[in-house]
Asks: 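Let me give you the structure first, and then I'll get to my questions.
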Amino acid sequence: MPPEPTSNDTQDPRRSAVYLVLAQVPHGHVVSYGQVAAMAGLGRAARWVGRLLARLPDDSGLPWHRVIAASGRLSLPEGSASGQEQRARLRAEGIGIHNGKVDMRRHGWHLPEHSG
DNA sequence: TATAGGGCTTAGG
DNA sequence: GCCTAAGCCCTAT
């Protein structure tokens with residue numbers, strides 16, 4: 001069953017879930033693909049999230065740049081338009097990048113489920 | 001409709 | 001830090 005041309009993304013709840021999670025990421029914080037995937041209920045669909053972000057339109061208004069690898073590294077190459085964009089935006093939010101890596105210990109966004 | 005290949009990843013040795 | 005194996009969906013033919 002092919003996707004209907006009448007809708008864009010909100011058709012699939014999975015995609016919508018990722019968008020919602022992504023929109024929940026606070027300013028100055030970052031999350032990993034697997035984290036977003038898990039939060040969206042996708043589980044191990046980390047790569048799928050990455051692929052989804054790659055297809056995200058510029059007018060999505062979503063902080064896709066706040067999504068990085070679990071290791072804190074930026075998968076996007078510095079030579080890539082999105083790569084520079086991500087680094088630029090992260091730095092613009094006050095997120096320091098060292099050797100192409102972000103300090104997940106400080107900027108790693110974690111849900112306050114443990115009351116702290 | 002079915003088949004084949006790939007991706008902005010993650011975890012273990 | 002590098003290599004290998006695994007899980008999920010999409011895209012092209």
Side-chain angles (χ1 to χ4, degrees):
Chain A
M1 161 175 166
E4 295 186 8
T6 54
S7 102
N8 298 334
D9 311 337
T10 53
Q11 187 69 61
D12 292 341
R14 293 172 287 198
R15 231 195 294 216
S16 185
V18 175
Y19 293 139
L20 293 172
V21 174
L22 207 63
Q24 289 193 42
V25 181
H27 170 98
H29 290 257
V30 295
V31 285
S32 65
Y33 298 96
Q35 190 167 344
V36 175
M39 294 170 80
L42 302 173
R44 300 294 190 199
R47 291 181 67 171
W48 178 72
V49 174
R51 249 198 16 101
L52 178 58
L53 297 177
R55 286 180 52 72
L56 272 179
D58 296 346
D59 57 2
S60 277
L62 291 168
W64 59 270
H65 60 268
R66 290 184 191 155
V67 186
I68 63 179
S71 186
R73 305 186 319 192
L74 279 69
S75 299
L76 278 71
E78 190 177 353
S80 177
S82 300
Q84 292 187 349
E85 193 67 14
Q86 186 174 43
R87 285 171 173 92
R89 292 195 180 200
L90 290 174
R91 290 172 83 81
E93 294 193 354
I95 300 175
I97 304 176
H98 305 280
N99 199 2
K101 293 194 298 186
V102 177
D103 196 345
M104 295 294 275
R105 316 295 284 182
R106 286 174 32 184
H107 302 292
W109 180 49
H110 48 90
L111 292 174
E113 53 185 321
H114 55 88
S115 303

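A note on names: the letters A, B, ... follow the listed sequences, proteins ahead of strands, and every chain is numbered from 1.
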Asks: Is there a side-chain contact between A/Trp64 and A/Leu52 (heavy atoms, below 4.5 Å)?
Replies: no
Asks: Whole angstrom is fine here: how far is it from CD in A/Gln35 over to P in B/dT9?
Replies: 16 Å
Asks: Under 4.5 Å between side-chain heavy atoms, hopping through other hydrophobics if needed: is there a path connecting A/Tyr33 to A/Leu90?
Replies: no
Asks: Is DNA chain B part of any stem, that is, at least 3 consecutive Watson-Crick or G-U pairs with both distances under 3.5 Å, and where?
Replies: B:2-7 with C:8-13, B:9-13 with C:2-6
Asks: Which whole-number value in Å describes the distance from A/Arg44 CZ to B/dT10 P?
Replies: 10 Å
Asks: Quick one: does any side-chain atom of A/His107 pair with a main-chain N or O of A/Gly28 as donor and acceptor, under 3.5 Å?
Replies: yes
Asks: Is there side-chain contact between A/Gln35 and A/Val21, with at least one heavy-atom pair below 4.5 Å?
Replies: no
Asks: Give the rounded distance in Å between these two atoms: CZ of A/Arg47 and P of B/dT10.
Replies: 10 Å
Asks: Can you check whether A/Leu76's main-chain N or O pairs, donor with acceptor, with A/Arg87's side chain at less than 3.5 Å?
Replies: yes
Asks: Could you check whether A/Ala69 gets within reach of a base, just the sugar-phosphate, or nothing at all, counting any heavy atom under 4.0 Å?
Replies: sugar-phosphate
Asks: Quick one: do A/Leu53 and A/Leu22 satisfy side-chain contact (heavy atoms from CB on, under 4.5 Å)? Show the steps, please.
Replies: CA-CA 10 Å; A/Leu53 297 177; A/Leu22 207 63; 3.7 Å; yes
Asks: Verify the contact: side-chain N or O of A/Ser75 to OP1 or OP2 of B/dT9, cut-off strictly under 4.0 Å; return yes or no.
Replies: yes
Asks: Given atom CG of A/Leu42 and atom C1' of B/dT10, what is their separation to the nearest angstrom?
Replies: 15 Å
Asks: Applying the side-chain hydrogen bond (donor to acceptor under 3.5 Å, both in side chains) criterion to A/Arg66, which one of A/Gln86, A/His29, A/Glu93 satisfies it?
Replies: A/Glu93
Asks: Measure from OH on A/Tyr33 to P on B/dT9 and round the result to the nearest Å.
Replies: 6 Å
Asks: Nearest nucleotide by nearest heavy atom, which residue falls closer to the 5' end of DNA chain B, A/Ser32 or A/Trp48?
Replies: A/Trp48
Asks: Between B/dT10 atom P and A/Arg51 atom CZ, what is the distance in whole Å?
Replies: 16 Å
Asks: A/Glu85 has an atom CD; how far is it from atom C1' of B/dC8, in whole Å?
Replies: 14 Å
Asks: Go through the structure and list residues passing side chain to side chain contact (heavy atoms under 4.5 Å, CB included) with A/Arg106, not counting sequence neighbours.
Replies: A/Asp103
Asks: When you match A/Arg55 and A/Ala45 each to their closest nucleotide on DNA chain C, which lands nearer the 5' end?
Replies: A/Ala45
Asks: Honestly curious: do A/Leu42 and A/Val31 fall in one hydrophobic cluster under the side-chain, below-4.5 Å linking rule?
Replies: yes
Asks: Can you measure A/Arg73 atom CZ to B/dT10 atom C1' for me and round it to whole angstrom units?
Replies: 11 Å
Asks: Reading DNA chain C 5' to 3', which nucleotide is the first, and which the last, to come under 4.0 Å of any heavy atom in chain A?
Replies: C/dG1 to C/dT11
